[in-house]
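Take a look at the structure set out below.
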Amino acid sequence: METMTLEKLAENFQAKIDADIKIEPNDWMPDNYRKTLIRQISQHAHSEIVGMLPEGNWITRAPSLRRKAVLLAKVQDEAGHGLYLYSATETLGVSREDTIDDLHQGKVKYSSIFNYPTLTWADMGAVGWLVDGAAIMNQVALCRTSYGPYARAMVKICKEESFHQRQGYEIMTNLMNGTALQKEMAQDALNRFWWPALMMFGPSDAESKHTEQSMRWRVKRYTNDELRQAFVDATVPQAELIGLTVPDPKLQWNEERGHYDFGDIDWDEFWQVVGGNGPCNKERIEARVKAKEDGAWVREAATAFAEKRKMRENQ
Ligand code: FAQ
């Protein structure tokens, strides 16, 4: 009897998904659907927050007041994205505190891309253009994901990511209109960020362990390889337009497929970075742990004030 009921619940759940009806926090959902969402949304939240570090590194060194204001606004937007996404994770029954502790203890992942250093000002261009560009490609699809709170968070996030991509491309365009040294700096940033940006979309479809089930649940609307291809197709003409060369000798337009063919991704590098051995993994986590420790007094003061007010109200 119990099994029958569960079967019926699962059947109704899948029927809702197939009819594109959003799943909301209080609806019945299979345990693994909940677990998949907690993993994906919390990883996404951590990526937004850890992702503030490589660009935050350049706020004090921005070359003009305008560029500083733009970069500051962008980095603050990423903090906001992290907060919406932690809230969306909480609707699935986990606490924000535990989720963040898992990150600090190295138990969970965040996007591989944020483990690469930002060495020059041109990296602010490459990150905005390529990293936010890749993020949008993935996140526009997630506006139609099956879990309501995640889908709704994505709508606002995508609007902001679009501004982020534009400001990055503007930096690259300005550098490509500049001196030989500035052009060289822009090309060097593209050389270093191109392949890691392609890795953001995750392992190839053949190696991706979650894609098949996540597509059935409409958590994901496109596969990793489909989104990676769409990103390459959209980005290569942008590079060419401003005189940049994509660092891939195998890159070629394939008339028959109507897509660019591109070279092999170094998956060993990807798994090394995901496994904690990228150039900046250690310092990124240390920076997050330090930020939490440094902010402890603020949380204590806020809680003490709230408790005092409660006591006064009860008097
Ligand atoms: N890095 O079976 P799949 C941004 C993990 S936001 C690290 O294919 P799935 C904005 C994966 O989690 C960037 N780990 O997994 C910004 C799984 O882990 P498990 C973040 C990765 O979930 C810009 C395992 O490998 N965006 O950048 C990566 O079906 C500038 C097997 O992989 C999102 O998180 C990776 N690149 O597909 C902020 C979007 N790829 O189970 C600041 C939402 C895969 O072993 C500055 N997430 N893994 O623990 C997704 O769409 C999906 O989770 C994928 C992966 C597509 C990332």
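Reckoned from all heavy atoms, side chains included, excluding hydrogens, waters and symmetry mates. Counting starts at 1 for both ligands and their atoms, in listed order. Residue numbers run from 1 in the order of the sequence given.
Under a 4.0 Å N-O distance rule, the pair D225/R228 qualifies as a salt bridge.
Minimum heavy-atom separation, L103 to I285: O-CD1, 3.8 Å.
Contacts of Y260 classified as ring-ring contact (aromatic ring centres under 6.0 Å, His included), with partners at least two apart in sequence or in another chain: W253.
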When you check ligand 1 against the protein, what N or O pairs turn up below 3.5 Å? List the atom names and distances, or just say none.
residue  : atom   : partner : partner atom : Å
ligand 1 : 1 (N)  : S112    : N            : 2.9
ligand 1 : 1 (N)  : S112    : OG           : 3.4
ligand 1 : 2 (O)  : S208    : OG           : 3.0
ligand 1 : 2 (O)  : K209    : N            : 3.0
ligand 1 : 2 (O)  : H210    : N            : 2.9
ligand 1 : 8 (O)  : S208    : OG           : 2.8
ligand 1 : 8 (O)  : N224    : ND2          : 2.9
ligand 1 : 12 (O) : R39     : NH1          : 3.2
ligand 1 : 12 (O) : Q43     : OE1          : 2.6
ligand 1 : 12 (O) : Q43     : NE2          : 3.4
ligand 1 : 22 (O) : R39     : NH1          : 2.9
ligand 1 : 22 (O) : R39     : NH2          : 3.3
ligand 1 : 29 (O) : K220    : NZ           : 2.7
ligand 1 : 36 (N) : S112    : OG           : 3.1
ligand 1 : 36 (N) : M199    : O            : 3.4
ligand 1 : 36 (N) : M200    : O            : 3.3
ligand 1 : 37 (O) : K220    : NZ           : 2.9
ligand 1 : 41 (O) : H210    : NE2          : 2.6
ligand 1 : 45 (O) : K109    : NZ           : 2.9
ligand 1 : 45 (O) : K209    : NZ           : 2.8
ligand 1 : 49 (O) : K109    : NZ           : 2.8
ligand 1 : 51 (O) : N138    : ND2          : 2.9

Review item, side-chain donor-acceptor pairs of residues 62-70, under 3.5 Å, at least two apart:
residue : atom : partner : partner atom : Å
S64     : OG   : R67     : N            : 3.1
R66     : NH1  : E170    : OE1          : 3.3
R66     : NH2  : E170    : OE1          : 3.4
R66     : NH2  : E170    : OE2          : 3.2
R67     : NH1  : E170    : OE1          : 2.9
R67     : NH2  : E170    : OE1          : 3.1

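Residue pairs that meet the ring pair (Phe, Tyr, Trp, His ring centres under 6.0 Å) test with at least one member in residues 105-133, sequence neighbours left out, are W129-Y169.
D132 places no side-chain N or O within donor-acceptor distance of the main-chain N or O of G168, the cut-off being under 3.5 Å.
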